[in-house]
Amino acid sequence: MSPGDIKKKKPRQLGKIEKEKLFSFFSELLDETNYPEHKKKHTEIMFKRMMGRAMPSTWEYHTLMGVIGGSVEAY
């Protein structure tokens, strides 16, 4: 077996439940940080679009959730 025969394992992408949880945590973060209410809806849409384009892996998801979760708990 040569090095060229080894296939790299593709990182697993987020599932629907993970995405919903991420968006829920982000919304909660906006609430906890007193983000202006009139900007909240558009900011949530922007975040969803960014995450859709980025296609984060599960490792990236768990890292991001740790940061957002820690921020929410701090408030």
Side-chain angles (χ1 to χ4, degrees):
M1 181 182 264
S2 68
D5 294 336
I6 299 173
K7 293 183 181 182
K8 289 186 178 181
K9 190 174 182 181
K10 185 177 177 182
R12 188 173 79 80
Q13 300 300 309
L14 294 184
K16 183 179 178 181
I17 294 172
E18 293 163 323
K19 285 181 185 178
E20 289 173 0
K21 187 72 171 175
L22 177 62
F23 299 149
S24 174
F25 262 49
F26 184 75
S27 181
E28 190 176 332
L29 178 63
L30 294 178
D31 289 339
E32 293 294 325
T33 58
N34 297 318
Y35 196 78
E37 195 62 38
H38 67 281
K39 294 182 178 182
K40 185 178 177 191
K41 181 179 177 183
H42 291 291
T43 303
E44 289 173 339
I45 291 169
M46 178 205 61
F47 184 74
K48 288 179 182 182
R49 288 178 180 165
M50 286 180 5
M51 289 298 102
R53 284 192 303 268
M55 295 182 287
S57 67
T58 54
W59 175 78
E60 292 165 329
Y61 161 79
H62 288 288
T63 301
L64 189 55
M65 289 295 284
V67 172
I68 293 174
S71 298
V72 170
E73 288 175 7
Y75 280 89

Where is the tightest heavy-atom contact between M51 and P56, given as atom of each residue plus distance?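 What the structure gives for the nearest pair is O-CD, 3.3 Å.
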State, to 0.1 Å, how close S57 and L14 come at their nearest heavy-atom pair, and which atoms those are.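 Smallest heavy-atom distance, with atoms named: O-CD2, 3.9 Å.
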Under 4.5 Å between any side-chain heavy atoms of K40 and D31, yes or no?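 K40 reaches D31 side chain to side chain.
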Taking atom CD1 as the centre, does I17 end up with more than 12 heavy-atom neighbours from other residues, nucleotides or ligands that are less than 6.0 angstrom away?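 Incorrect, the count does not exceed 12.
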Does a sphere of radius 6.0 Å around NZ in K39 hold more than 12 heavy atoms from other residues, nucleotides or ligands, not counting ones at 6.0 Å or beyond?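 No, because the 6.0 Å sphere around NZ of K39 holds 12 heavy atoms or fewer from other groups.
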Identify whether V67 and F47 are in the same connected component of the hydrophobic contact network (ILVMFWY, side-chain heavy atoms under 4.5 Å).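 No, no single cluster joins them.
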Separation between [atom1] of [X] and [atom2] of [Y], rounded to the nearest 0.5 Å:
| X | Y | atom1 | atom2 | result |
| --- | --- | --- | --- | --- |
| S24 | I68 | OG | CD1 | 10.0 Å |
| I45 | F23 | CD1 | CZ | 11.5 Å |
| K48 | T43 | NZ | OG1 | 12.0 Å |

Any donor-acceptor N/O pair, T63 side chain to W59 backbone, under 3.5 Å: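 The answer is yes, because a donor-acceptor pair under 3.5 Å joins these two groups.
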Please check if the side chain of E44 supplies one atom and the backbone of K41 the other of a donor-acceptor pair under 3.5 Å.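 It does not hold such a pair.
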Against M65, only a single residue in K21, E60, E18 fulfils side chain to side chain contact (heavy atoms under 4.5 Å, CB included); can you say which?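 Of the listed options, the one satisfying the test is K21.
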